[in-house]
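Everything numeric in this text was worked out from a predicted model, so none of it was measured. Residue numbers start from 1 in every chain, and the chains themselves are labelled A, B, ... in the order their sequence lines are given, proteins ahead of strands.
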Amino acid sequence: MAIIKVQKGTKDILPQDMPVWHFMEDTARKIFSEYGAKEIRTPIFEATELFARGVGDTTDIVNKEMYTFEKSERSLTLRPENTAGVVRAFIENGMHRLSAPVKLWYKGPMFRYERPQAGRQRQFHQVGIEVFGIKQPTADAEVILMAVNYLKALGLNDLTVELNSLGCPECREVFKTKLKEVIKPYLQDLCPDCQARYEKNPLRLLDCKVEECKAVYAKPEIQEVIQSDFICEECAEHFNELKSYLDALGINYSINKLLVRGLDYYNRTVFEIKSNNLGSQNAVCGGGRYDSLVRNLGGEDTPAVGFAMGMERLASLIGNKEEEKTAGFVVSNNTLEAVKLTEEIRKAGISCEFDLTNKKFVKQLEKASKVAKYALILGEDEIAKNQVTVKNLDTSEQVTVTREKVLEVLNS
RNA sequence: GCGCCUGUCGUCAAGCGGUUAAGACCUCGGAUUGUGGUUCCGAUAUGCAUGGGUUCGAAUCCCAUCAGGCGCCCCA
């Protein structure tokens, strides 16, 4: 019979992967709580409309990448990202009444129907932060600081922070119009993708990789528009303040005028953190400010900033970590005595196993050396004298002690 | 949705039209009735993703299907 395999774009996270995943999760809890952030867990599926209204129905995520299904005449969708869900929970639980800032962090699986490739799966995991209620750039700075310090705590240093400001909806509209004006004469020279983007999201035109398009965008009159500081005075001030905070905090970043990000809800600050060691899906973190999302989803007008990180991408940068061995393994031909000793040790909070198949002494010891740090030898002599021989399997040193002293030896 | 590459044991692989389908690791058994991990011996693919074809002969060549990888689009 044919075996059933994991579905395309999904992966098992196996026991040997756990040390890295626990490390990422424990570090998230530790670092984010240093900033006063609290963990939140929202459901894995939500009303489809939440994402259509939240993420934006012109985005690829909503248009072609969602896992949507009907149940009892409701349209439901597996969450493709978690900002919309957290905002929904924020609104529904009246969290705008809490003293600002409300800092929330989350981790968990997300689902996007895409062609899998390196650093991209259909089920993947994100860890992220959302900070609500602060319009000042201090919040932007703190969010970026949390991201940078989390990555540092994971031991990842070869990363670059890219920063841009999209302005507010008003000044961005002016920029879009200007951009379309200067590009219009060359429209027929552009690749089909760019022609589509020209209407759909002109800001995305700029990072096209097709040579002909790049040639067009390199033209002086177009470059002049791109490089111009189109954002309005207030947006510029917000951006400048943010930069001065980051400078003061010693965070290295580079300004990337082409950084736009694909989700509709961003305004003003957007940022990405990239790695040079990842292949083409090199963004490890993406985020920004989304001041109108809470209101758009029916909540009180509440400014917000956040980011999300791809945990599989982080995991591949962290590399392998050794699995922790079981502390003790009881070696004995007397199964009953072996269980008793094993349980005694477990009750003291120390991991311990014994041989369930009653193999020969040598085989038991061999098994012990594979899975455990100490072999606890309980032979006839030891049982008669109420003793245990504790053998360190790395150093081969062993001592015979009374039953009561076993825990002391294991703890030392 | 499009383009390129790849499918041989649980894993990593050799094989390049005629082989009994190497080898290594893992696993299991033994040497070894109380001292392991480093030694030695043994076991484990009538099978080369699946289905067709070409050929006297196919894991090897061709076609299709399926699966995986990478890239584009987009994104974490």
Could you give the distance separating C25(B) and U6(B) at their P atoms, to the nearest angstrom? 29 Å
Separation of Glu397(A) atom CD from U35(B) atom C1', in whole Å? 15 Å
Span that lies between the C1' atom of C74(B) and that of C2(B), in whole angstrom: 14 Å
What interatomic distance, in whole Å, is found between C1' of G3(B) and the corresponding atom of C73(B)? 12 Å
Does G1(B) have its OP1 or OP2 closer than 4.0 Å to a side-chain nitrogen or oxygen of Lys64(A)? no
Between Thr389(A) and Lys360(A), name the one whose nearest nucleotide on RNA chain B is closer to the 5' end. Lys360(A)
What interatomic distance, in whole Å, is found between P of A31(B) and the corresponding atom of G37(B)? 14 Å
Is Gln281(A) touching bases, backbone alone, or none of the nucleic acid, heavy atoms closer than 4.0 Å? base
Heavy atoms under 4.0 Å, any strand shown: does Gly286(A) hit a base, just sugar-phosphate, or nothing? sugar-phosphate
Once you round it to whole Å, what is the distance between P of G10(B) and CG of Leu14(A)? 16 Å
Candidate pair Tyr150(A) and Leu314(A), rule side-chain contact (heavy atoms from CB on, under 4.5 Å), full reasoning: CA-CA 11 Å; Tyr150(A) 175 60; Leu314(A) 294 178; 4.0 Å; yes
Inter-nucleotide C1' distance (C5(B), G42(B)), Å rounded: 40 Å
Name the nucleic acid region contacted by Val284(A), choosing base, sugar-phosphate or nothing; use a 4.0 angstrom heavy-atom cut-off, strictly under. sugar-phosphate
Rounded to the Å, how far apart are Asn333(A) CG and U35(B) P? 12 Å
Kindly point out which of U35(B), G29(B), A76(B) is positioned nearest to the side chain of Lys363(A)? G29(B)
With C1' as the reference atom in both, quote the distance from C48(B) to A58(B) in angstrom, rounded to an integer. 11 Å
I need the CD-C1' distance between Glu366(A) and U27(B), as an integer number of Å. 11 Å
Please confirm whether the backbone N or O of Arg120(A) pairs with a side-chain atom of Glu312(A), one donor and one acceptor, at under 3.5 Å? no
Heavy atoms only, 4.0 Å cut-off, all strands: where does Ile377(A) land among base, sugar-phosphate and nothing? base
Any strand: nucleotide that pairs with C72(B) via Watson-Crick or wobble, under 3.5 Å: G1(B)
Looking only at side-chain N and O atoms, does Thr400(A) offer a donor or acceptor that is under 3.5 Å from a partner on Glu382(A)? no
Rounded interatomic separation in angstrom, taking NZ from Lys370(A) and P from C28(B): 5 Å
With a 3.5 Å cut-off and heavy atoms only, can you find an N or O donor on one side and an acceptor on the other between the side chain of Glu382(A) and the base of G34(B)? yes
More than 12 heavy atoms of other residues, nucleotides or ligands under 6.0 Å from CG of Asn252(A): yes or no? no
Provide, to the nearest angstrom, the distance between the CD atom belonging to Glu312(A) and the P atom belonging to A76(B). 14 Å
Could you tell me how far G15(B) sits from G7(B) if I compare only their C1' atoms? Round to whole Å. 15 Å
Is G47(B) syn or anti, taking syn as a glycosidic angle within 90° of 0? syn
Applying the 3.5 Å cut-off to both distances, the Watson-Crick or G-U partner of G42(B) turns out to be C28(B)
Without decimals, in angstroms, what is the distance between Asn282(A) CG and A76(B) P? 12 Å
For C56(B), which nucleotide is its Watson-Crick or G-U wobble mate, given both distances must be under 3.5 Å? G18(B)
Does Lys367(A) reach a base, just sugar-phosphate, or nothing at all? Heavy atoms under 4.0 Å. nothing
Is atom NZ of Lys152(A) surrounded by more than 12 heavy atoms (other residues, nucleotides or ligands) closer than 6.0 Å? no
Can you check whether Lys5(A) has a side-chain N or O nearer than 4.0 Å to OP1 or OP2 of C66(B)? no
Quick check on RNA chain B: between Glu65(A) and Ala368(A), whose nearest nucleotide comes earlier from the 5' end? Ala368(A)
So, is Gln117(A) close to the C72(B) phosphate, meaning a side-chain N or O under 4.0 Å from OP1 or OP2? yes
Assign Gly128(A) to base, sugar-phosphate, or nothing according to its heavy-atom contacts below 4.0 angstrom with the strands shown. nothing
Taking the side chain as everything from C-beta on, heavy atoms only, tell me whether Arg403(A) gets closer than 4.5 Å to Leu378(A). yes
Using atom types as modelled and distance alone, determine if a side-chain donor or acceptor of Arg289(A) lies under 3.5 Å from a backbone N or O of Thr269(A). no
Between A76(B) atom C1' and Arg313(A) atom CZ, what is the distance in whole Å? 4 Å
Is the Phe175(A) ring parallel, tilted or perpendicular to the Phe230(A) ring (thresholds 30°, 60°)? parallel
Separation between the P atoms of C4(B) and A64(B), rounded to whole Å: 12 Å
Of the listed C72(B), G30(B), G29(B), the closest approach to the Arg115(A) side chain comes from C72(B)
Complementary nucleotide for U65(B) - Watson-Crick or wobble, under 3.5 Å: A49(B)
